[in-house]
Structure formats: structure tokens, C-alpha cells
Number of protein chains: 2
Amino acid sequence: MPRNRRPQNREEKRDEIVTAAAKLFIGTGYDETPMTAIAAAAGVATNTIYWYFDDKDALLVAVLDRVLAEALADASERADAPWEDQLMWAVERLDQYGRLVTVVHARTAIAPVIDAWHADFHRLAEDMLAGGFRSAGVPEESLRASVQIGVFVIEGLLLHPDTAPSRREVINLLARPTHVHRDPRRDEARPRSGS
Amino acid sequence: MPRNRRPQNREEKRDEIVTAAAKLFIGTGYDETPMTAIAAAAGVATNTIYWYFDDKDALLVAVLDRVLAEALADASERADAPWEDQLMWAVERLDQYGRLVTVVHARTAIAPVIDAWHADFHRLAEDMLAGGFRSAGVPEESLRASVQIGVFVIEGLLLHPDTAPSRREVINLLARPTHVHRDPRRDEARPRSGS
DNA sequence: GAATCGTCTTGGATGGCAGTCAAGATAAGG
DNA sequence: CCTTATCTTGACTGCCATCCAAGACGATTC
């Protein structure tokens with residue numbers, strides 16, 4: 001019979017650990033922060049973390065879930081803004097999480113939990129982008145490819161902090177997909193517009 | 001006075017180590033292959049590697065340099081192929097190096113040597129893409145942004161092996177930048193060509 | 001041809017890390 | 001008060017990159 005000793009303290013403590021880990025993972029990096037540092041920041045013994053989380057990757061997933069949930073909550077408040085502005089805002093909002101983006105990709109190959117999170121996240125991001133592109137007039141036939149380009153560009157912007165200056169330009173070009181071939185088969189014949 | 005004991009054997013041995021490291025970094029992963037494994041594969045003692053390379057990151061740079069040089073040599077042979085095909089070929093050629101792409105991004109933040117290599121590589125890639133886009137008729141005003149999108153898309157394709165099926169579609173859409181706003185300010189008014 | 005001096009190689013540390021184990025605490029339930 | 005589930009912890013293991021100090025070995029010098 002489960003006698004819950006500290007009824008909801010459980011969640012609280014877990015959250016404290018996630019908070020400490022989030023700050024360190026984002027600011028310092030995943031590989032660069034030892035579990036001891038997280039424990040110290042959360043004010044617990046290192047091993048206590050292993051009571052709440054299977055391993056460091058599970059903790060990373062918890063951090064990712066929280067960060068994503070917060071971002072989505074913020075995003076829902078401006079769901080009626082113009083599509084381009086939403087995109088721009090999202091990139092700026094996520095900018096601080098560049099290190100998380102890299103580590104997710106790095107660990108996807110070796111940690112199944114991270115791989116699963118990554119796949120879920122891509123589905124979500126693709127759905128959202130598909131909605132945006134559709135509303136921007138991209139035809140169904142090139143929607144998949146446009147969405148994938150969109151995902152890659154956003155990831156790229158986050159992955160390369162030094163590209164911030166040209167960010168606006170890139171997003172404008174991305175969000176306004178005049179890049180709609182009317183008929184792919186006619187592409188071969190169509191003359192180039194440049195010199 | 002430098003008395004060279006085994007005159008050119010030096011380069012040979014170094015190359016053997018790089019060969020072993022390349023195979024393991026690409027096939028198994030950087031973080032996943034200990035120095036001992038590289039040493040065993042190269043038939044030397046672990047510490048011998050440290051005679052030829054400062055540390056594991058320096059070895060990674062050597063691997064990256066070789067892989068890039070080989071790819072560029074191959075590429076020069078088809079410099080006269082159509083721009084789209086060159087792009088497609090490049091992505092397929094680099095596909096096998098997905099793990100290297102992730103690790104470069106992961107270590108850029110912490111290893112200055114990797115950061116420097118990464119910056120150089122981006123300059124090179126951007127120059128090449130700029131040439132391609134220019135020849136495809138992208139006007140100067142949106143060239144920078146197009147190039148950046150190009151780099152991000154290629155990186156994205158390499159970073160996400162599961163997107164291989166739609167690769168061709170994505171590259172076609174990318175390489176044929178009908179996404180040329182003739183005048184950004186007129187974008188607001190211009191009717192969409194889609195349904 | 002023996003001492004010497006760079007070039008290279010290696011066995012054996014060292015210190016940091018993630019994760020394990022088994023021994024406690026603590027408080028609710030009986 | 002004693003059992004039991006929940007939680008916490010110190011001590012430990014094993015892996016890893018990297019360092020150190022001792023050698024091996026051939027060319028140079030005398």
C-alpha cells in the first residue's frame with residue numbers, strides 16, 4: 001500500500017532539480033556540467049538526482065519538456081500575429097537555447113530517450129510550420145519540402161548564434177515562399193531570370 | 001640541429017592514425033570512440049597519438065581536413081554539372097558524415113580549434129553556394145539570405161538522416177530559388193500564385 | 001665505437017566523470 | 001513501537017582523456 005510520505009513535495013523537489021539543471025545546461029552546456037554541479041545548485045546530494053531521474057539524459061528530457069512547454073505557452077498568446085512575426089518571435093525566443101539544440105542532435109544517436117523527444121519535437125514543429133506555410137499560400141505539392149526547409153533554417157539560426165544579424169532577412173525570405181514552382185516538370189524548360 | 005630519424009615516416013604514421021580515427025569517428029562517433037580504440041586500430045600505444053596530436057580535438061580537425069579535402073577533390077571533377085545536380089551530389093556525398101556534422105557543432109562551443117575549423121568551413125561553403133545561387137539567377141539583394149538558407153538546409157539534411165526520402169524534393173526547391181522577391185515592398189500586395 | 005642528442009614510444013599514473021550499492025533517515029500506517 | 005514505503009546519502013566502481021617520466025633507437029660527433 002503506497003503511503004505517501006511527503007505528498008506533493010515530490011513534484012516540488014523534482015522541479016527544483018530541473019530548474020537547476022535547466023540553468024546549467026542552457027548557460028554552461030550539457031557535457032560541461034557534471035551532475036555534482038547540478039546537485040550543488042539544487043542543494044541536494046548528487047545521488048538524490050538519481051532518485052528522481054534515471055540518468056542524465058532523462059534529466060535533459062525533463063529540461064527540454066519544461067522549456068518547450070514555457071515557449072508554447074508564450075506562443076499561444078500571440079497566435080493571431082502575422083505569420084512572419086510569429087516566426088521571427090519564435091526564433092528570437094528560442095535563441096537562448098542554442099546549446100540545447102546542439103546537444104539534442106549530438107545525443108539523439110546514442111540516447112533513445114533523447115531520440116524520442118527529438119522525433120516528437122520535429123513532428124510538432126513541422127505541424128506548426130505546415131500551418132504557417134499553408135496560410136502563406138504554399139501549395140500542397142511543395143508543402144512538405146517547404147516545411148522541411150523551414151525546420152532546417154530555424155535550427156540553423158539557433159545553431160549558429162553568429163548569424164543573428166541577418167536573421168530578419170533570412171526569415172523574411174523563408175516566410176514568404178514565392179519559391180513556388182507552379183509545375184515542377186516545366187522547370188527544366190523555364191529560362192533563368194538572372195543574367 | 002634537427003636530426004630527422006625516420007625522415008618521412010613521420011607523415012605516414014600520422015596518416016595511419018588519422019585513417020583509423022576517421023573510420024571510427026564517422027562510423028561510431030566521436031564521443032563514443034575512446035582514444036584507446038583509435039590507438040588499437042592504428043596499431044600504436046594510446047600515448048603515441050599524443051605525440052602526433054595535441055589532443056582529441058586536434059585529431060578531429062585532422063580527420064575533418066582530410067574528409068573535406070577528399071570531398072573537394074571529388075567535387076572538382078564535376079564542376080561543370082548543372083547546379084542542382086552538384087548540390088544533390090554534394091549532399092549525398094556528405095551524407096555519411098552526419099555524425100561529424102553534429103560533433104563539430106557540439107564542440108564548437110568548447111574547443112577553439114574546432115570553432116576555427118567550423119568558421120573556415122562555413123566561409124568556404126558560403127562562397128560555393130553564393131556562386132551557385134548567383135548562377136541560378138538570385139539577385140544580389142537576397143543573395144546573402146539565400147546562401148544562409150542554403151547552408152542551413154544542407155546542414156539540416158545531413159543532421160537528420162531520416163529526411164533522406166524527401167531530399168531530392170527539398171534540394172530542388174532550394175536550388176531553384178523562384179523565391180526571388182523582385183521588390184520586398186511589393187510583396188504585401190502581390191497575389192499568391194497558389195490555390 | 002662510444003658518448004650524446006634529438007625523435008619517437010610506452011607503461012603507469014592522475015583526476016574527473018556518470019552511474020551503482022547498500023546503509024541509513026524519516027514519517028505515516030498498523 | 002514497529003513495520004514499511006519513500007527518500008537521502010557516503011563510499012565505491014569503472015571508463016575516459018590526458019600527463020609524466022622512463023626508456024628505445026638511430027643519426028651525429030668526437
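Small disclaimer: the values here were computed from a predicted structure and weren't measured.
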Exercise. Which pairs count as salt bridge (charged side-chain N to carboxylate O under 4.0 Å, His left out) when at least one residue sits in residues 33-51 of chain B, sequence neighbours excluded?
Worked result: none
Exercise. What is the distance, rounded to the nearest whole Å, between atom CD1 of Ile110(B) and atom C1' of dA17(D)?
Worked result: 13 Å
For this session: Please state how far atom OH in Tyr50(A) lies from atom P in dT8(D), giving the value in whole angstrom units.
Result: 16 Å
Exercise. Taking atom C1' of dT9(C) as reference, at what distance in whole Å does atom CD of Glu16(B) sit?
Worked result: 14 Å
Problem set entry | Charged tip of Lys13(A) within 45° of Tyr52(A) ring normal and under 6.0 Å | no
Exercise. What is the distance from atom CG of Leu72(A) to atom CZ of Arg93(A), rounded to the nearest 0.5 Å?
Worked result: 9.5 Å
Problem set entry | Same apolar cluster (I L V M F W Y, side chains within < 4.5 Å links), Leu87(A)/Leu124(A) | yes
Quick test: give all pairs of protein nitrogen or oxygen and nucleotides 11-16 of chain D nitrogen or oxygen below 3.5 Å, distance rounded to 0.1 Å.
residue: dA11(D); atom: N6; partner: Asn47(A); partner atom: ND2; Å: 2.9

For this session: Compare side-chain N and O positions of Trp51(B) against OP1 and OP2 of dC8(C) and report whether any pair is under 4.0 Å apart.
Result: yes
Problem set entry | Set of residues satisfying side-chain contact (heavy atoms from CB on, under 4.5 Å) with respect to Ala41(B), sequence neighbours excluded | Ala20(B), Leu24(B)
Exercise. Should the pair Arg134(A)-Glu140(A) be classified as a salt bridge under the 4.0 Å nitrogen-to-oxygen rule?
Worked result: yes
Problem set entry | Among dT18(D), dT8(D), dT9(C), the one nearest Tyr52(A) by side-chain distance | dT8(D)
Problem set entry | Below 4.0 Å: OP1/OP2 of dT8(D) and any side-chain N or O of Lys13(A) | yes
For this session: Give Phe53(A) one of three labels, base, sugar-phosphate or nothing, depending on what nucleic acid heavy atoms sit under 4.0 Å from its own.
Result: nothing
Exercise. Glu11(B) CD to dT7(C) C1': how many Å, rounded?
Worked result: 15 Å
Seminar exercise, completed: To the nearest angstrom, the CZ-P distance between Arg14(A) and dT8(D) comes to 13 Å
